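What follows is a set of notes on a single structure, which appears directly below.
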Amino acid sequence: QVQLVESGGGLVQAGGSLRLSCAASGRTFRTIALGWFRQAPGKEREFVSAISGGGGSTYYADSVKGRFTVSRDNAKNTMYLQMNSLKPEDTAVYYCAARGGSIATIRRAGYDYWGQGTQVTVSS
C-alpha cells in the first residue's frame with residue numbers, strides 16, 4: 001500500500017507559478033514511479049507528468065512541456081511539480097499517482113494508488 005497526500009494548490013493569476021507537492025508513505029519511495037494527472041470539470045482525467053523511481057526519467061504532456069517541471073526528493077519521500085507560466089486552461093484538480101514499480105508510464109491505468117487531489121485555479 002502507498003498513501004499519497006498532495007498540497008500546494010491554490011488560486012493564481014495567468015502567468016504566475018505554483019509548486020505542488022506529493023508526500024508518499026507506505027513503501028520504499030525510490031522503488032515507485034510517480035505521476036501527476038489533472039481533471040477539469042466535465043473532462044476526463046489526463047496525464048500531466050511522470051518521473052521514474054530514481055528520478056532519471058521524466059515525461060510530460062505536450063500541453064505543459066517547457067512550463068512544468070517534475071522532480072522528486074527520495075530522502076524526503078516527496079515529489080514536486082513546479083508549474084510556471086500558468087494558463088487558465090491549466091485549471092483543474094491535480095492528482096498524484098504511484099505505481100508498484102520504478103518505471104514510469106503516461107497511462108492512467110498504469111497507476112495503482114491515488115491521492116485525494118489539490119485544486120489549482122488560474123484566473124485570466
Side-chain angles (χ1 to χ4, degrees):
Q1 285 286 345
V2 177
Q3 292 78 44
L4 303 168
V5 179
E6 303 97 333
S7 61
L11 173 64
V12 64
Q13 289 189 330
S17 298
L18 281 175
R19 189 176 81 156
L20 305 183
S21 298
C22 173
S25 61
R27 283 189 62 168
T28 303
F29 188 69
R30 70 178 184 278
T31 66
I32 59 174
L34 298 165
W36 288 102
F37 290 75
R38 68 186 181 187
Q39 188 166 17
K43 294 189 176 181
E44 295 277 326
R45 191 172 298 188
E46 66 175 5
F47 169 75
V48 175
S49 183
I51 187 167
S52 60
S57 298
T58 57
Y59 307 87
Y60 297 95
D62 287 344
S63 58
V64 306
K65 205 170 290 183
R67 300 188 298 123
F68 291 10
T69 303
V70 64
S71 62
R72 62 191 294 162
D73 185 337
N74 285 353
K76 295 182 178 180
N77 287 9
T78 302
M79 174 178 65
Y80 305 97
L81 186 68
Q82 178 66 43
M83 306 187 294
N84 298 329
S85 302
L86 283 161
K87 305 175 181 180
E89 51 264 44
D90 294 318
T91 295
V93 177
Y94 283 70
Y95 296 91
C96 170
R99 65 194 305 261
S102 61
I103 298 174
T105 178
I106 67 172
R107 297 186 307 111
R108 176 181 168 184
Y111 291 87
D112 305 301
Y113 308 100
W114 294 84
Q116 83 288 351
T118 185
Q119 176 71 47
V120 171
T121 303
V122 184
S123 63
S124 58

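On a predicted model such as this, the values are computed, not experimentally measured, just so you know.
Through side-chain heavy atoms spaced under 4.5 Å, either directly or across other Ile, Leu, Val, Met, Phe, Trp or Tyr residues, Leu11 is tied to no other residue. Listed by chain and number, the hydrophobic cluster partners of Phe68 are Val2, Leu4, Val12, Leu18, Leu20, Phe29, Ile32, Leu34, Trp36, Val48, Ile51, Tyr60, Val64, Val70, Met79, Leu81, Met83, Leu86, Tyr94, Tyr113, Val120, Val122, where partners are ILVMFWY side chains within reach of under 4.5 Å, directly or through others.
Every ring pair (Phe, Tyr, Trp, His ring centres under 6.0 Å) that Tyr111 has, sequence neighbours left out, goes to Phe37. Legend: residues meeting side chain to side chain contact (heavy atoms under 4.5 Å, CB included) with Ser124, ordered by chain and number and at least two apart, are Pro88. A search for side-chain hydrogen bond (donor to acceptor under 3.5 Å, both in side chains) contacts involving Arg67 returns Asp90, not counting sequence neighbours.
Asn74 contributes a side-chain N or O that, together with a main-chain N or O of Gly53, makes up a donor-acceptor pair within less than 3.5 Å. For the pair Ser49 (side chain) and Tyr59 (backbone), a donor-acceptor distance under 3.5 Å is present. The closest donor-acceptor contact from the side chain of Arg72 to the backbone of Ser52 lies under 3.5 Å. Between the side chain of Gln39 and the backbone N or O of Ala92 there is no donor-acceptor pair closer than 3.5 Å.
Heavy atoms from other residues, nucleotides or ligands lying under 6.0 Å from NZ of Lys65 number more than 12. Around atom CD of Gln116, more than 12 heavy atoms belonging to other residues, nucleotides or ligands sit under 6.0 Å away.
The distance from the CD atom of Gln1 to the CG atom of Asp112 is 9.5 Å, given to the nearest 0.5 Å. Note that CG of Asn77 is 10.5 Å distant from CZ of Arg30, once rounded to the nearest 0.5 Å.
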- Message: For a side chain to side chain contact (heavy atoms under 4.5 Å, CB included) check, start with the C-alpha distance between Arg38 and Ser63, then their side-chain angles and the critical distance, and finish with the verdict.
- Response: CA-CA 12 Å; Arg38 68 186 181 187; Ser63 58; 3.5 Å; yes

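Residues Thr105 and Phe47 share a closest heavy-atom pair of O-CE1, 4.2 Å. In terms of heavy atoms, Ser17 sits closest to Ser85 at OG-N, 4.4 Å.
Taking the side chain as every heavy atom from C-beta outward, Thr31 and Ser102 never approach each other to under 4.5 Å. Annotation: side chain of Arg108 is not in contact with side chain of Tyr95 (no heavy-atom distance under 4.5 Å).
Applying the disulfide (SG to SG under 2.5 Å) test to pairs two or more places apart or on separate chains, those with a residue in residues 10-98 are Cys22-Cys96.
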